[in-house]
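Inspection log for the structure reproduced underneath, given as structure tokens.
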Amino acid sequence: MQHMNARIREDTTAAVAHCRRCRARILWARTDRGRRMPLDIGASTEAGTVALDRGAGGFRASVIGHNRAAELRAAGHRLYVPHAATCTG
């Protein structure tokens with residue numbers, strides 16, 4: 001997961017968009033249940049609660065509980081922040 005930012009820059013032009021409300025760049029991923037989830041572009045070692053995996057059908061977002069997310073961030077994993085948490089629009 002540590003190299004995910006580099007992969008996002010290289011091969012996600014279709015998954016990257018702009019938020020309709022605040023115009024920030026976002027990354028679209030699908031949850032385990034197939035719902036679309038907008039994420040902030042940059043991974044976070046401080047606030048993220050979403051693990052991102054690249055699959056054949058695009059990015060898969062897995063929401064992680066706060067305690068487990070804190071453990072993963074402390075171990076150096078970069079997690080993503082749902083855009084709904086930071087949208088200013």
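With rounding to the nearest 0.5 Å, the separation of OG in Ser62 from CG in Asp53 is 5.5 Å. Glu71 CD to His77 NE2: the interatomic distance, rounded to the nearest 0.5 Å, is 10.5 Å. With values rounded to the nearest 0.5 angstrom, Glu46 atom CD is found 10.5 Å from Arg78 atom CZ. The line from SG of Cys87 to CG of Asp40 is 9.0 Å long, rounded to the nearest 0.5 Å.
Across Leu79 and Gly48, no two heavy atoms sit closer than the pair CD1-O, 3.5 Å. Nearest heavy atoms, Val50 versus Met37: CG2-SD, 4.1 Å. For Ile26 against Pro38, the heavy-atom pair with the smallest separation is CD1-CB, 3.8 Å. Heavy-atom minimum distance, Tyr80 versus Ile41: CE2-O, 3.4 Å. In terms of heavy-atom proximity, Pro82 sits nearest to Thr49 at CD-OG1, 4.0 Å.
Within the 4.5 Å cutoff, the side chain of Leu39 has no heavy atoms near those of the Val81 side chain.
Around CG of Asp32, the count of heavy atoms belonging to other residues, nucleotides or ligands within 6.0 Å exceeds 12.
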Pairs of donor and acceptor atoms involving the side chains of residues 16-24, under 3.5 Å and at least two apart or interchain, shall be tabulated with distances.
none

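Considering only residues two or more places apart in sequence or on other chains, Arg30 meets the salt bridge (Lys or Arg N to Asp or Glu O under 4.0 Å) condition with none of them.
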